[in-house]
Amino acid sequence: MSAGSPRAIDEAITRASSARRLLVALDFDGTLAPLVDEPMEARMLPAARDALARLSAAPDTEVALVSGRTLEHLAEISERTADSRIHLAGSHGAEFWHPGEDAPEEPDDEAELRHRLADRAEEIVGDVDGAWIERKRFGFGLHTRLSDRDAAARAAAAVDELVRSEAPHWRRRTGQDILEFASRHEGKDSAVRRLRERLGSDVVLFAGDDVTDEDALASLRPGDVGIRVGGGETVADHRVADAAELAVLLGRLAEARAGE
């Protein structure tokens with residue numbers, strides 16, 4: 001299930017392994033961890049966790065998780081430890097944590113509006129089976145993974161109208177069974193750009209499985225490596241079937257990067 005041939009993705013991994021300074025930036029849900037019904041129960045596949053540990057210890061190699069999750073939630077589900085060497089970019093790049101640093105406080109000028117709209121959204125979907133609102137650092141998301149299609153569509157339309165009328169300047173994103181709104185307009189493309197600049201990386205490998213990951217994939221430069229995980233339209237040059245297949249590739253990259 002590849003975009004391009006198996007040989008092409010092998011060549012891409014080889015190219016990434018020979019980078020002077022490599023950044024491996026990865027979405028979390030559906031990319032390193034299988035999608036689950038309870039979002040806070042998501043955890044990396046063991047093979048992915050092992051590969052990231054080896055990559056982050058390799059010379060001139062940086063690893064980052066780039067997610068729509070809040071920084072707090074991303075730290076929890078990635079099981080970050082105090083001595084972690086993996087960078088975190090949460091809220092689609094509006095929040096960052098770097099190894100050895102405290103997370104800076106990001107300005108939040110629309111907290112009152114956010115709380116009011118999230119309250120209203122919860123009222124709207126309160127009687128929709130399987131739908132629920134996730135409050136985020138700079139907005140909120142409507143989850144409909146456990147709803148039937150018609151109910152999900154009705155809930156999304158109602159919440160859409162709420163935000164359109166009350167906060168038309170907010171950024172709207174769609175993903176797999178989620179509709180998300182945020183007062184901040186950063187995206188995964190800007191997150192990868194900031195990480196590249198901060199870390200001085202000359203090659204970036206980015207992998208993701210959802211619509212929001214396409215911003216980052218589209219922003220990659222010649223010589224970078226973009227990988228789509230699973231199905232769906234993509235600008236990526238390469239595709240793998242699932243998180244397990246990506247973990248295998250990351251393991252191979254870790255071996256090559258460490259000179260094993």
Side-chain (Ser56) to main-chain (Ala53) donor-acceptor, under 3.5 angstrom: yes
Same apolar cluster (I L V M F W Y, side chains within < 4.5 Å links), Met40/Leu74: yes
Beyond-backbone contact of Leu220 with Asp237, side-chain heavy atoms, under 4.5 angstrom: no
Thr234 vs Arg239, side chain to side chain contact (heavy atoms under 4.5 Å, CB included): CA-CA, chis, key distance, verdict: CA-CA 9 Å; Thr234 186; Arg239 188 191 301 271; 3.4 Å; yes
Salt-bridge present (Asp50, Arg54; N to O < 4.0 Å): yes
Spatial distance of atom CG (Leu217) from atom NE2 (His238) [nearest 0.5 Å]: 11.0 Å
Asp209: salt bridge (charged side-chain N to carboxylate O under 4.0 Å, His left out) partners, not counting sequence neighbours: none
Approximate separation, where rounding is to 0.5 Å, of Arg149 CZ and Asp177 CG: 10.0 Å
Minimum-distance pair of heavy atoms, taken over all atoms of Ser91 and Leu71: OG-N, 4.5 Å
Side-chain touch Phe140/Val163, heavy atoms, less than 4.5 angstrom: yes
Which atom of Lys188 lies closest to which atom of Asp213, heavy atoms considered: NZ-OD1, 2.7 Å
Ala131 versus Ser147, closest heavy-atom pair with distance: N-OG, 3.1 Å
Euclidean distance, Leu246 CG relative to Arg228 CZ, rounded to 0.5 Å: 13.0 Å
Closest non-hydrogen atom pair, Leu55 against Leu250: CD1-O, 4.0 Å
Glu112, CD: over 12 other non-hydrogen atoms inside 6.0 angstrom: no
Joint cluster assignment, Leu113 & Ile124, ILVMFWY side-chain distance < 4.5 Å: yes
Working for salt bridge (charged side-chain N to carboxylate O under 4.0 Å, His left out), residues Arg154 and Asp150: CA-CA 6 Å; Arg154 290 194 301 272; Asp150 290 342; 5.2 Å; no
Trp97 side chain reached by Arg80 side chain, heavy atoms, under 4.5 Å: yes
Arg173: partners by salt bridge (charged side-chain N to carboxylate O under 4.0 Å, His left out), with sequence neighbours left out: none
Polar side-chain atom of Ser190 near backbone of Gly187 as donor-acceptor pair, under 3.5 Å: yes
Derivation and outcome, side chain to side chain contact (heavy atoms under 4.5 Å, CB included), residues Val235 and Glu214: CA-CA 7 Å; Val235 298; Glu214 291 298 310; 3.4 Å; yes
Verdict with supporting geometry, Thr81 and Asp83, side chain to side chain donor-acceptor pair (under 3.5 Å): CA-CA 5 Å; Thr81 58; Asp83 60 350; 2.7 Å; yes
Shortest non-hydrogen contact from Leu195 toward Ala64: CD1-CB, 3.7 Å
Check: Gly139 main-chain N/O paired with Arg184 side-chain donor or acceptor under 3.5 Å: no
Partner residues of Asp215 under the salt bridge (charged side-chain N to carboxylate O under 4.0 Å, His left out) criterion, sequence neighbours left out: Arg171
Least distance between heavy atoms, Ala243 atom then Val229 atom: N-CG1, 3.8 Å
Nearest-0.5 Å distance that lies between atom CD1 in Ile133 and atom CZ in Phe181: 9.0 Å
Electrostatic pair Arg164-Glu161, nearest N-O below 4.0 angstrom: yes
In one Ile/Leu/Val/Met/Phe/Trp/Tyr side-chain cluster, 4.5 Å: Phe138, Leu117: no
Same cluster (ILVMFWY, side-chain, under 4.5 Å), Ile13 and Leu22: yes
Spatial distance of atom CD (Glu186) from atom CD (Glu95) [nearest 0.5 Å]: 9.5 Å
Side chain to side chain donor-acceptor pair (under 3.5 Å) contacts touching residues 67-78 (sequence neighbours left out): Asp29-Arg69
Worked check of side chain to side chain contact (heavy atoms under 4.5 Å, CB included) between Val203 and Asp224: CA-CA 5 Å; Val203 173; Asp224 291 340; 4.2 Å; yes
Pair Arg21-Asp202, salt bridge (charged side-chain N to carboxylate O under 4.0 Å, His left out): steps then yes or no: CA-CA 6 Å; Arg21 292 189 62 82; Asp202 57 318; over 6 Å; no
Given Arg116, His115, His169, the one that forms side-chain hydrogen bond (donor to acceptor under 3.5 Å, both in side chains) with Glu110: His169
Parallel, tilted or perpendicular: ring planes of Trp132 versus His143, cut at 30 and 60 degrees: parallel
Nearest-0.5 Å distance that lies between atom CG in Leu142 and atom CD in Glu122: 11.0 Å
Partners meeting salt bridge (charged side-chain N to carboxylate O under 4.0 Å, His left out) with Glu180 (sequence neighbours left out): Lys136
SB check Asp119 Arg135 (cutoff 4.0 Å): yes
Working for side chain to side chain contact (heavy atoms under 4.5 Å, CB included), residues Arg43 and Ile77: CA-CA 6 Å; Arg43 293 295 184 273; Ile77 62 176; 3.7 Å; yes
Single-linkage hydrophobic cluster Met44~Leu205, side-chain heavy atoms < 4.5 angstrom: yes
Residue pairs passing the salt bridge (Lys or Arg N to Asp or Glu O under 4.0 Å) test where at least one lies in residues 30-42, sequence neighbours excluded: Asp37-Arg145
